[in-house]
Amino acid sequence: MFDARIPMSSAIYLQAGREKSLKRKHPWVFSKAIKKVKGKPGLGDTVTIYDNDGKFLAIAAYSPQSQIRARVWSFDQNEIIDQAFFEKRLRRAYAAREQVISEGGLTGFRLSAAESDYLPGITIDKFDNVLVCQLLSAGAERHKGEIVAALMAIFPGCDIYERSDVDVRTKEGLEPIKGVLWGKEPTEPVVIEENGLKLEVDILEGHKTGFYLDQRDSRAALERFVKDKTVLNCFSYTGTFSLYALRGGCKHVTNVDVSQPALDTAKRNVEHNNLDLSKVDFVKQDVFKLLRQYRDEGVQFDTIVMDPPKFADNKAQLTGACRGYKDINMIAMQILKPGGTLLTFSCSGLMEQNLFQKVVADAALDAGKDLLIMERLNQAADHPIAGSYPEGFYLKGLICKVY
């Protein structure tokens, strides 16, 4: 069995000049940057990284099948990657979020945002008394036992469930997997609270870890633009934007999603909060088709929320993603009443903020509309961005007035 206390014999030596990113504390080492590998490190094994001259750079987890060949655990040569290491990092992450949790009355929040919390490949969300882990790197898989033990020490009594059932794990040489890591499996959806609202989370089958915590601030922002307005909530999932719209006094809100189970949850969420169900429609439909139908029929709304899934997983898909974002935003603007409000988002990390703004601006030109960008939105504060890891910024949003 692997013992983190045993001195590491495996090492990576980088090509000359390829140490610059590590000196800036970026956590990734790509395969092309490696000059040679000493020893025979296996999947997720801990290795020491040196520059071309043999100077120490970092301690990392090795992933022989991935283009990201090593992910850094620490830049401290004396660090031991064991349960105490993970407990220390997780306690720091929790402490960084305590004010946000308290102010928002949150019983659901992101505890670890992977590389952005200096825990590569380790995403952990806390939903009431259940911790949901998504372990996407070879190193995270190798140290799963220590990670679980650290969570048990910090949050005694919590159940721990794994949702690593995503194809991206195959890039690390890992199989998708889900199941109980500690405690019992949830037998029914968990209900969390944020900003005074109750939200149902399906840990077993919901998207990602079960819920999109990152849009919390954007949901709250919507509440300011809905008084006596008609609202269209596109890609609504479990309808959480609509809860804020109802609480904000909207005239009517329409939730649109292709998933009937998601829409069923959206209805229960309205009921959980004792909001007026007569003000809500739940439409099972493809958003792209429905937007065109509304345009052809002359249906208009005062406020539209456009929160689509990720359109680009790699650079090759970025051009197509731009076309997709432009298309849905153009049609959304065409069915907005003059002076209406559009909240539009991209969760594609490869879509840079300025590029997304340009795409939305181009959509306005094609729609024959004047566009005023009133505010920029981004991921909630429990999804931080490490200074050395700009890739941690992925969720972009704009609040726009359209004329």
Side-chain angles (χ1 to χ4, degrees), residues 215 218-219 221-237 239 241-242 244-246 248 250-259 263 266 279-312 317-348 351 353-377 395-403:
Q215 283 283 34
S218 300
R219 291 191 281 266
L222 172 66
E223 196 166 358
R224 296 185 279 112
F225 296 92
V226 297
K227 180 68 172 175
D228 298 324
K229 306 295 185 183
T230 55
V231 181
L232 176 64
N233 183 19
C234 299
F235 307 99
S236 62
Y237 190 41
F241 273 102
S242 69
Y244 284 83
L246 289 165
C250 72
K251 183 185 299 182
H252 191 275
V253 58
T254 302
N255 288 315
V256 184
D257 202 275
V258 294
S259 168
L263 292 170
K279 289 185 174 183
V280 195
D281 285 337
F282 303 92
V283 180
K284 183 179 182 295
Q285 180 65 276
D286 178 273
V287 169
F288 288 88
K289 292 180 180 178
L290 188 62
L291 288 175
R292 285 174 169 79
Q293 179 184 325
Y294 283 155
R295 181 182 61 186
D296 295 343
E297 294 175 351
V299 177
Q300 291 189 315
F301 297 87
D302 298 303
T303 304
I304 295 177
V305 178
M306 189 63 61
D307 185 24
K310 184 189 294 186
F311 284 177
Q317 297 174 347
L318 189 56
T319 299
C322 288
R323 287 196 296 268
Y325 285 119
K326 182 179 176 182
D327 185 46
I328 58 172
N329 280 285
M330 178 189 71
I331 303 174
M333 293 178 199
Q334 290 172 335
I335 64 172
L336 265 176
K337 294 178 182 178
T341 305
L342 172 66
L343 281 76
T344 184
F345 301 91
S346 168
C347 63
S348 302
M351 176 72 66
Q353 186 176 51
N354 288 339
L355 177 58
F356 180 60
Q357 181 172 317
K358 180 180 183 302
V359 168
V360 175
D362 288 346
L365 288 174
D366 285 3
K369 303 291 184 178
D370 290 335
L371 182 76
L372 296 179
I373 296 172
M374 311 300 290
E375 295 181 33
R376 286 183 171 184
L377 301 170
L395 181 60
K396 286 81 52 181
L398 299 171
I399 300 179
C400 308
K401 288 289 185 179
V402 180
Y403 297 90

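Scope of the values below: all heavy atoms of this structure, side chains included, with no hydrogens, waters or symmetry mates. For the single chain, residues carry numbers from 1 onward in sequence order.
- Residue Ile304 holds its CD1 atom at 12.0 Å from CG of Leu222, rounded to the nearest 0.5 Å.
- In this structure, Phe235 and Pro309 approach most closely via the heavy-atom pair CD2-CD, 3.7 Å.
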- Item | salt bridge (charged side-chain N to carboxylate O under 4.0 Å, His left out) between Asp362 and Lys358, worked out | CA-CA 6 Å; Asp362 288 346; Lys358 180 180 183 302; 2.9 Å; yes

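- Put simply, the side chain of Val299 does not reach to within 4.5 Å of the side chain of Leu232, judged on heavy atoms.
- The distance from the CE atom of Met330 to the CZ atom of Arg295 is 5.5 Å, given to the nearest 0.5 Å.
- Although no hydrogens or angles enter the test, the distance criterion places a donor-acceptor pair under 3.5 Å between the side chain of Ser236 and the main chain of Val256.
- Residues Ala361 and Leu371 share a closest heavy-atom pair of CA-CD2, 3.9 Å.
- With values rounded to the nearest 0.5 angstrom, Leu342 atom CG is found 6.5 Å from Met306 atom CE.
- Here Leu291 contributes atom CG and Ile335 contributes atom CD1; the two are 5.0 Å apart, rounded to the nearest 0.5 Å.
- Ring orientation note: the planes of Phe345 and Phe241 are tilted relative to one another, at an angle of 30° to 60°.
- In this structure the side chain of Met333 reaches within 4.5 angstrom of the side chain of Val360, judged on heavy atoms.
- Minimum heavy-atom separation, Tyr325 to Met351: CD1-CE, 3.4 Å.
- Between the side chain of Lys396 and the main chain of Ser348, a donor-acceptor pair closer than 3.5 Å is present.
- Of the candidates Val402, Ile399, Val226, Thr341 forms a side chain to side chain contact (heavy atoms under 4.5 Å, CB included) with just one, namely Ile399.
- In summary, the side chains of Asn329 and Thr344 do present a donor paired with an acceptor at a separation below 3.5 Å, with no hydrogens or angles considered.
- Of all heavy-atom pairs spanning Cys322 and Val359, the tightest one is O-CG1, 3.6 Å.
- The residues Arg323 and Asp327 are annotated as not salt-bridged, no charged nitrogen and carboxylate oxygen being separated by less than 4.0 angstrom.
- Screening Lys229, Lys251, Lys337 against Asp302 for a salt bridge (Lys or Arg N to Asp or Glu O under 4.0 Å) leaves a single residue, Lys337.
- In this structure, CZ in Arg224 is found 10.0 Å from CE in Met374, a value given to the nearest 0.5 Å.
- Distance CG/Asn255 to SG/Cys234: 9.5 Å, rounded to 0.5 Å.
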